[in-house]
Structures are given as structure tokens and as C-alpha cells.
Amino acid sequence: MDVQFLVELAQRTGTLPDLPTQHFIDGHWCASAHGAMMDSWDPGTGKVFLRFAAGGAAEVDAAVDAARRALGGPWSRLKPAERAHLLRAVAAGLRAQADVLAVAETLDSGKRLAEAQGDVRSAAACFDYYAGACDKFHGDTLPLGPDYLAYTVHEPIGVTAHVIPWNYPLSTAARGIAPALAAGCTVVAKPAEQTPVTALLLAQIIHAAGLPPGVVNVVTGTGSEAGAALVGHAGVDHVTFTGSVATGVNVMRNAADQTTRLLLELGGKSPLLVLADADMDRAVEGVMDGIFENAGQICSAASRLVIDRHIHAGFMERLLQKTRALTLGHGLRNAGMGPVNSAPHLHKVSGFLERARSRGAQILCGGNSTTDPQTGLGWFFEPTIVDDLRADDELVQEEIFGPVLAVQIFDDLEQALDLANGTRFGLVAGIYTRDFSNAHRLAQRIDAGQVYINEYFAGGIALPFGGNKRSGFGREKGMEALRSYSKLKSV
Ligand code: NAP
Ligand code: MG
């Protein structure tokens, strides 16, 4: 079956055959205790494409028990190089199932197929990277003087919980699960209720790769039922939460009762700074990808353009021309931009623009919800640019999580820096300039977990990623992530 066959099948039937619909616990598929099910919608049509198990405390208990037993089982006796071998088999499994994974991800999340295919590749790359890291993550010996031998050991932190959002379901699952496994931990994952499918397919692939039962478990359901039960569970040693600030705060409170360790990857309102001497074509391309990829539903989206007044008019002209040329359509058709993830989310994005309109904001293009022009269906929002906003405007301060670019104009670099740092978030920043002294000076003073120079979304799995300020704490990806999933013992 090639990808085109699956696309046509999905277009004809509205779904795919044989997708998993149950929890994956201790190496088995299982229904919810009371048989509860819920729907997943295809955002490109607004129709239900799958019913899946809605879990709660009972399923979470079973999954955490399985993960705890697996922690002391054959998994704990594997050599690091043997764990590496299994992780490589997972990467191969992801590549072998790439077509199904990508089409399922598009149906579930709405994202363009090409982006979903990219997500599968990055998930596979993630397992390969951490396979390579298994036997290279080691402690130190410390010189305490004669008569002493002192050393440190990294031990697996234990049972790790992973609460996953709907915007990058597979790749977020992979970036948490792969390093946790590399460090020798076991896993219970809870995908978002809007996008359960690829986490279940990943569990299936992990099982087929030969990891022992219970090492990776997936419980599907809502955040308030399954999610809250998981992050507050006494048998969980570490929670990786990716989602909104409000839920993150809740999760932190809930985890506090058990002093469970946390890694929080929360929202952003990231600035992309364009200095007067920037390569304009590159910068326009950076802004287009930065805000319209995945319909702007990216924690690290370049949702604010912070631009020098001298080049503002010319830059906006180029940007508008490109933006107006973006086509909309169902993700499976790979149009320029896909839908947003859900009807409530579309309503939320629209609300921001309605309020902006009533404040008299300069909406240069877009600003309205719409549908797939071919079918009249689905949850779409027009690519939107709002010009010359004040620093305290809601569009500048709040994460919209949609295809909405807020433009801020500066007169000098100090002001650019103030604007860049002028929100409660601190996830990423982009800088476009040919002057590398300015680039590095700004990079030093911007309060963000990562700064991109002349290429937005640069880097890959090797580069640590995480937030400052309200964007969260802890770092995923790179060798840093292994520290999150281990505890250091000094002997
Ligand atoms: P969300 O509402 O916070 O949900 C994220 C996850 O948390 C979902 O799986 C959700 O389950 C679950 N959840 C909800 N309430 C919970 C609770 N009380 N206890 C435990 N889990 C709970 O976030 P979202 O709106 O889906 O996702 C968008 C947000 O994620 C944006 O703010 C975005 O910036 C952020 N994000 C950050 C990163 C990053 O790396 N920094 C990456 C991607 C997204 P249900 O959906 O099933 O209810
Ligand atoms: Mg869905």
C-alpha cells in the first residue's frame, strides 16, 4: 500500500481500516472498564472518523502498575547497547509504517500530509538519536583526594508519564518517550483527546520491535479524567507535560502532592525580529513558515513579527503577496494551509479577531473563519496579518495558536529587544540580520529557551528545546533530555 492508495481510501471512506481504538496496557489492547468510548473528528471535514476508548482512573491504575512492574523486569537487566538495538528497531518500524502513520495523523489532527510525513521522519530520527545515546550517557569520577573513590551514576528516574497535546501528536510523543526509554525508564502516555491515534500506533510499533510488555503503555481519554489521574498518581515518578500554561499550572499543583518531578513545555508568543539589513527573501520565508506552518498551531510559532520601521512597508508588501497566494484545503490534498484542530479552537481563534476588529486593529488580510473551498466543510481560519500593534495589545500578549501574525514596529535595537522580551512567554525568538555582532548581542539578551538566527525552526533532535518564564521549564531533545529522565547518585 503506498501513500496515494491510503489517501484515496481515506478520501473515499472518511477513515482508515484497522486503526487501533483501545488502550494499550501491559502489551495488550484493552477496553475501558465500563466500555466508555469517545469520538475523534477529522478537522478537514468536521466529521467523526474514529471512536476510541475513553479511559479514567481505572485504566491509569492498570497502566501505571504495568509500567512499575516492567521497571523491575527484563527491561532493567538489558545492557544499554541492547536497549539501543530495540530503539533502532522502533525507528525502523516507524519508517516501515510511515504512510499509515502520516495519513492517520492528517485525519486526526488536520495537518497537511506533507507536514505529517515530516513528523513521522522526525519521530523516527528521534528514536535513532536516543538509540545512539543509550551507551554514551555516563557519570563522572570526582577527585576527592587520597583514600577516596567518588563517582556519579545516572539511574533511570522510574515510571514516566507523558501528557501530549494535539498539534504534534506523534512527534511530541516520540520526543518524550525515546529519551525516557534510552535512560531505562518505563512509560505511560496520555495523548490529547482530539488526536489519540498515532500514539496508539506508536505503542503497537514499540511492542512489535520487541520491548517487553508494560514498558510503554498508552491510555486514551480526556485530560480531566485520564490526564489528571495520571499526573497525580503516586506510582508516577516524572511527568512530561506539553500543553497550555493554564493546564500546566494545574498539572504542577496535582503533581506537587507526590513531589513528582516535572518537565513543562508550555505555550509561547515568539518574536521574529527582522533588522533593516536582513536578507528580505529569507526573512519573508521565515515568517511564512513560522506562522502558517500547521496553521499556526505550534508552541514555537513566530506569532509576532518585530520589524524595523525603515523596511516595514516594503516587507509587508512582499509578505502580503505571499500570504494572499496561500491556498486552503483538507490536509490530505496538501494545499498551502490546512484546518485548525477543532470547532472550539476555531471559535477561540475567531474571538481574538472579533475583539481586535472592534478595537479598530489594522487587519491587513484574513481575519475570518472559513471552510475548505472544495467541499464547504471543515474548520478553517484565513491566514491573517494584523499590522502595527501596541505592545499591550491582546494579539501581542496572548497565545492565539492559529494562523495569526501580530506585527510590531521598532525604531532602534533597544526597543526591538524590549518588544521581543515584552510578554510573559519565553520559548523561542528568531533574528534576521546580516550583522552577526547584532545577532549575537540580541541572542544574549533575549529571554528565550532558543534563538534562531536567519532560519526559523532550525535544528533538530540534537538541539535541546524548552521554555523560560511562563513557557515552562526543563529541556527536551538532545543529551539534555536524558538528564530529565534520570536521577543522579553520588557514591
Ligand atoms: P491543553 O489543553 O493544555 O492540553 C494538553 C494535554 O493536557 C492534553 O492531552 C489534555 O488532554 C491534557 N490535559 C487537560 N487537562 C488536564 C489535567 N487537568 N490534567 C492532566 N492533563 C490534562 O493544551 P492544548 O490546548 O491541547 O494544546 C495547545 C497548547 O500546548 C498551546 O498552549 C501550546 O503552546 C502548547 N504546546 C507547547 C509545546 C512546547 O513544546 N512548549 C508544544 C506543543 C504545544 P485532552 O486534550 O484530552 O483534554
Ligand atoms: Mg481528531
Side-chain angles (χ1 to χ4, degrees), residues 38-41 43 52-57 60 108-109 111 119 161-176 188-197 199 218-233 236 239-257 260 262-270 293-303 340-342 344-349 398-402 423-428 448-450 457 463-477 481:
M38 58 194 296
D39 293 325
S40 186
W41 281 268
F52 65 96
V60 166
D108 216 1
S109 70
K111 67 176 62 202
D119 292 357
H162 303 254
V163 180
I164 299 160
W166 45 258
N167 58 337
Y168 282 86
L170 177 65
S171 54
T172 308
R175 87 177 179 192
V188 181
K190 206 296 283 177
E193 64 189 274
Q194 298 86 349
T195 53
V197 179
V218 176
V219 176
T220 53
T222 64
S224 51
E225 297 279 326
L230 179 59
V231 302
H233 201 290
V236 167
V239 173
T240 298
F241 172 80
T242 309
S244 59
V245 175
T247 311
V249 170
N250 245 328
V251 166
M252 203 168 165
R253 281 209 183 94
N254 198 352
D257 282 340
T260 304
L262 276 181
L263 196 160
L264 293 183
E265 296 282 12
L266 308 180
K269 191 75 194 184
S270 299
E293 192 170 315
N294 204 23
Q297 303 163 116
I298 308 185
C299 54
S300 52
S303 49
V340 300
N341 178 261
S342 68
H345 188 55
L346 181 61
H347 183 73
K348 187 183 145 204
V349 174
E398 297 300 322
E399 183 181 46
I400 300 169
F401 222 55
T423 74
R424 64 193 173 128
F425 298 106
L427 194 52
V428 320
Q450 37 278 309
F457 299 135
L463 200 66
F465 182 91
N468 294 353
K469 294 155 80 180
R470 299 302 293 275
S471 295
F473 52 79
R475 293 293 179 262
E476 297 198 88
K477 307 207 301 189

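Indexing begins at 1, ligand by ligand and atom by atom, following the structure's order.
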Checklist outcome for this item: One finds that the ligand 1 atoms under 4.0 Å from a non-hydrogen atom of F465 are 40 (O)
Next on the checklist: I'd like to check whether T242 has a polar contact with ligand 1, where a contact means an N/O of the residue lying under 3.5 Å from an N/O of the ligand.
Outcome noted: no
Next on the checklist: So if I count the atoms of ligand 1 from 1 in the order they appear, which ones are less than 4.0 Å from some heavy atom of G221?
Outcome noted: 47 (O)
Next on the checklist: When you measure from the centre of the six-membered ring of Y168, is the NZ or CZ of K111 closer than 6.0 Å and no more than 45° off the axis?
Outcome noted: yes
Next on the checklist: Which of the numbered atoms in ligand 1 are under 4.0 angstrom from any heavy atom belonging to T222?
Outcome noted: 47 (O)
Checklist entry - So which protein heavy atom does atom 48 (O) of ligand 1 come closest to, and at what separation? => result E193 OE2, 2.7 Å
Next on the checklist: Within the 4.5 Å heavy-atom criterion, are D108 and W166 side-chain neighbours or not?
Outcome noted: no
Next on the checklist: Can you tell me if R424 has over 12 outside heavy atoms packed within less than 6.0 Å of its CZ?
Outcome noted: yes
Next on the checklist: Could you walk me through whether F425 and V245 satisfy the side chain to side chain contact (heavy atoms under 4.5 Å, CB included) test, starting with their C-alpha distance in whole Å, then the side-chain angles of each, then the deciding distance to 0.1 Å, before giving a yes or no?
Outcome noted: CA-CA 10 Å; F425 298 106; V245 175; 3.7 Å; yes
Checklist entry - Is the shortest N/O to N/O distance between G243 and ligand 1 below 3.5 Å? => result yes
Next on the checklist: Within the protein, is there a heavy atom lying under 4.0 Å from atom 41 (N) of ligand 1?
Outcome noted: yes
Checklist outcome for this item: shortest atom 2 (O) of ligand 1-to-protein heavy-atom contact is with T247 OG1, 3.7 Å
Next on the checklist: Can you name the atoms of ligand 1, numbered from 1 with element, that are less than 4.0 Å from a heavy atom of C299?
Outcome noted: 34 (O), 36 (N), 37 (C), 38 (C), 39 (C), 40 (O), 41 (N), 42 (C), 43 (C), 44 (C)
Checklist entry - Backbone or side chain, does any N or O of K190 fall under 3.5 Å from an N or O of ligand 1? => result yes
Checklist entry - Considering only heavy atoms from C-beta outward, does the side chain of C299 approach that of L266 to under 4.5 Å? => result no
Next on the checklist: Looking only at distances, can you tell me whether any N or O atom of S244, backbone or side chain, sits closer than 3.5 Å to an N or O atom of ligand 1?
Outcome noted: yes
Next on the checklist: Checking a contact table here: which protein heavy atom is nearest atom 17 (C) of ligand 1, and how many Å away?
Outcome noted: G223 O, 3.5 Å
Next on the checklist: Among F241, F401, Y168, which one puts a heavy atom closest to atom 28 (C) of ligand 1?
Outcome noted: F401
Checklist entry - Which residue and non-hydrogen atom of the protein lie closest to atom 44 (C) of ligand 1, and at what distance in Å? => result N167 ND2, 3.4 Å
Next on the checklist: When you measure from the side chain of D119 to the backbone of S171, do you find a donor-acceptor pair of N or O atoms at a distance under 3.5 Å?
Outcome noted: no
Checklist entry - What residues, two or more places apart in sequence or in another chain, satisfy side chain to side chain contact (heavy atoms under 4.5 Å, CB included) together with I400? => result K269, V349, F352, L395, V404
Checklist entry - Between the main-chain N or O of G268 and the side-chain N or O of R470, is there a donor-acceptor pair closer than 3.5 Å? => result no
Next on the checklist: Between N341 and S109, does the side chain to side chain contact (heavy atoms under 4.5 Å, CB included) criterion hold? Intermediate values first, please.
Outcome noted: CA-CA 6 Å; N341 178 261; S109 70; 4.3 Å; yes
Checklist entry - Is there at least one pair of N or O atoms, one from I164 and one from ligand 1, spaced under 3.5 Å apart? => result yes
Checklist entry - Considering G227, A229, A161, which one's heavy-atom position lies nearest to atom 20 (C) of ligand 1? => result G227
Next on the checklist: Can you confirm whether more than 12 heavy atoms, excluding those of M252, are under 6.0 Å from its CE atom?
Outcome noted: no
Checklist entry - Which of the atoms of ligand 1 are close to V251, meaning less than 4.0 Å from one of its heavy atoms? => result 19 (N), 20 (C)
Next on the checklist: Under a 4.0 angstrom heavy-atom cut-off, which atoms of ligand 1 come close to A192?
Outcome noted: 9 (O), 46 (O), 47 (O)
Checklist entry - Who are the side chain to side chain donor-acceptor pair (under 3.5 Å) partners of E476, not counting sequence neighbours? => result R175
Checklist entry - Taking N or O atoms only and a 3.5 Å limit, does E399 qualify as a polar contact for ligand 1? => result yes
Next on the checklist: Within ligand 1, which atoms have a heavy atom of W166 less than 4.0 Å away?
Outcome noted: 24 (P), 25 (O), 26 (O), 27 (O)
Next on the checklist: With a heavy-atom distance limit of 4.0 Å, tell me whether Q194 approaches ligand 1 through its side chain, its backbone, both, or neither.
Outcome noted: side chain
Item to check | Qualifying residue, where the test is side-chain contact (heavy atoms from CB on, under 4.5 Å) with V239 and the options are L230, V188, L264, L262 | outcome: L262
Next on the checklist: Taking only non-hydrogen atoms of E476, do any sit less than 4.0 angstrom from ligand 1?
Outcome noted: no
Item to check | Distance filter under 4.0 Å to P165 heavy atoms, resulting ligand 1 atoms | outcome: 27 (O), 43 (C), 44 (C)
Checklist entry - Side chains of Q450 and L463: does their closest heavy-atom pair fall under 4.5 Å? => result no
Checklist entry - Does the side chain to side chain contact (heavy atoms under 4.5 Å, CB included) test come out yes or no for V428 and F465, once each step is laid out? => result CA-CA 9 Å; V428 320; F465 182 91; 4.0 Å; yes
Next on the checklist: Evaluate N250 for polar contact with ligand 1, using N/O atom pairs at a separation under 3.5 Å.
Outcome noted: no
Item to check | Stepwise side chain to side chain contact (heavy atoms under 4.5 Å, CB included) check, E265 with F241 | outcome: CA-CA 6 Å; E265 296 282 12; F241 172 80; over 6 Å; no
Checklist entry - Can you find an N/O atom of R175 closer than 3.5 Å to an N/O atom of ligand 1? => result yes
Checklist entry - Given that the side chain starts at C-beta and the backbone is N, CA, C, O, which of these parts of V163 lies under 4.0 Å from ligand 1, counting heavy atoms, or is it both or neither? => result side chain
